[in-house]
Amino acid sequence: MAMYWSDRVDDGVHSGARPPRASYVPPHLRPNSFVDESRHRFHEDPYAFDTRFGRHRNSRQLGRGLVGRARGLGRGRGGRGGRGRSQHHGFHDPVPEANPFEAVVEKFDELEVLSENAEDNEEAINFDAYEDIPVESSGENVPPPVDKFEEIDLGKALNENIKKCKYVKPTPVQRHAIPIAVAGRDLMACAQTGSGKTAAFCFPIICGILSGQSSGSVMPRGARVACPTGLILSPTRELSCQIHDEVKKFAYQTGLKAVVVYGGAPIVQQFRNIERGVDILVATPGRLVDMIERDRVSLKKIKYLALDEADRMLDMGFEHQIRKIVQQTDMPPPGSRQTMLFSATFPDEIQRLASDFLSNYVFLSVGRVGSSTDLISQKVEHVEDMDKRNRLMELLQSQRASGKYGKQSLTLVFVETKRGADSLETWLTSNGFPATAIHGDKVQLERERALRSFKSGATPIMVATDVASRGLDIPHVSHVINFDMPRAIDDYVHRIGRTGRAGKHGAATAFFNDSNLPIARALVTLMQEAKQQVPAWLKECAGKSSHSPGDGGGGGGRSHRYRGGSKFGGYDYRSDTAANVDYSSSSSSHHHYVDSRAYVNPYATTSYAAVPYSVPYVADPGFYATQHGYPAAYGGESVAANGWD
DNA sequence: AAAAAAT
């Protein structure tokens, strides 16, 4: 890569000082805008989507730096506007911002076709299925939900990007969470897998930074400490990368810079990336701690903190690191920053831990209906360990025979151990099934290669440990097989959530035997709430199992309490904690929205999701009709989406 | 007894 400004740095200004890295120039030494801009034009030239979305190059230039200022004025909040940022990037950014939409052009083509169909079919959508969207919010003065993105002033640039993402309408979690977050409130949000959580916390962060007053990520003179304004933490490297890809799309041409850091990859390159300025840092905990300890990242400017898969982040293995990051650094305390926690599952105990990080927060729970669990046909088979491979083979053969196999119909197989993943992959491959495997013992490059190969359909089967259970948005996963059941029901929820995304149908098959008895009860409850047929033998197992780690009855160890009695995927623990004096006061309010119609939503009858659900939910009786067969309409039509979950 | 996450 050419180093445009290294000369400039070396001559004069810094002659006596330690020579900076060739790739790094402190913001105050970067060249002025006009010189830079001409170079920009040259480098940026072929923007595929420009014609596609009818954008003019002028508007792109406008978008760089000016938009923020214009918006700031428009809101009367002024302050920093575009100026603070452009001191270290924006017009001055030496590295042209890559077009984050280019990579998904194919996907857009697909989407256009599908959304046309969706419009045709719109009236066929079974809105009875959405009759009782249970949305519950609690906390003081909860900002009301919106029905359209336009109802919130997210700013011109962000609105443009939302359009480019083809998000026509907010998903339920977005409708509720975005107004809460844009109002500056802390938030604990429980929303189903595949329901658009990433955008729900990204939009407010981007919007907030753009309109904020702080000088944000401008680096101190001569220092190489990056001071991001927004921090997004996630539990796996791949998920962090995925979030980063989304953030780049949402923040495109806003002048904001998003960088991702994670382990298993050369830290030097990541240092280079953050040195160029970072407004929004996406990270896995370990690498971030490392960078903080090396004084390369400071969290003192953090105004927005988001934890994705927050329950996992506060789980035993992670809690220490998270506390270190959130409570033992120079990060501003709750109240001085805005904190948002998102997950599909939120056990009480984790909520209790999480409240340490929050200040007067709103709890939001968006229920199952219209979410992935309703769109996933769940099936449990009693299979002994020694029969699992044969049964898996039968399933795969049956899928192949019915054409539900290949690029558009991926199968994700979850196993318990890393070793198990490797051996199953080998076995599948040697039996003629193109499979790959992903787990934490593989080097990062292999992990990424496996994921790519799976996504592309080159190997339509992927064997995975729980490294792939959370958050990953892999289009076209039509079948999730729990070859080994997880120990905790929450993990089951996340695993099956890899299918049935963005309104698409999915199937989940679990191999269950006596070693899984501990989660039988929680599994039955979960399936019943998702209106799934539960085999009689499984109910019997549930009766037999004394205490499951998921039903709230168990004691000791990691606790995954599943609220059998709740209609919701999540439940504000504050509302049944008498001891919690902070929130049981009369000043707190408790909203319970049932149905997009009960809460007047004239748009609910047209399209429900950001990416319209094109497939009406109709329970497939054929799924259970045959013991081994798979339904013909398996998987339905796909509506690919990004930023879901 | 498992997976993940820093080197």
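Lettering of chains follows the sequences in order, A, B, ..., and the numbering in each one begins at 1.
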Salt bridge [X]-[Y], side-chain N to carboxylate O under 4.0 Å:
X        : Y        : result
A:Glu446 : A:Arg449 : no
A:Arg391 : A:Glu394 : yes
A:Asp441 : A:Lys418 : yes
A:Arg323 : A:Asp356 : yes

[atom1] of [X] versus [atom2] of [N]: gap in Å, rounded?
X        : N     : atom1 : atom2 : result
A:Phe414 : B:dA4 : CZ    : C1'   : 13 Å
A:Met313 : B:dA5 : CE    : C1'   : 9 Å
A:Ile438 : B:dA4 : CD1   : P     : 9 Å
A:Lys324 : B:dA6 : NZ    : P     : 13 Å
A:Asp308 : B:dA5 : CG    : P     : 15 Å
A:His494 : B:dA4 : NE2   : P     : 16 Å
A:Arg447 : B:dA4 : CZ    : C1'   : 8 Å
A:Glu293 : B:dA5 : CD    : P     : 18 Å

Closest to the side chain of A:Glu238, out of B:dA5, B:dA6, B:dA2, is B:dA5

Name the nucleic acid region contacted by A:Gly263, choosing base, sugar-phosphate or nothing; use a 4.0 angstrom heavy-atom cut-off, strictly under. sugar-phosphate

Between the side-chain atoms of A:Arg487 and the base atoms of B:dA1, is any donor-acceptor pair under 3.5 Å? yes

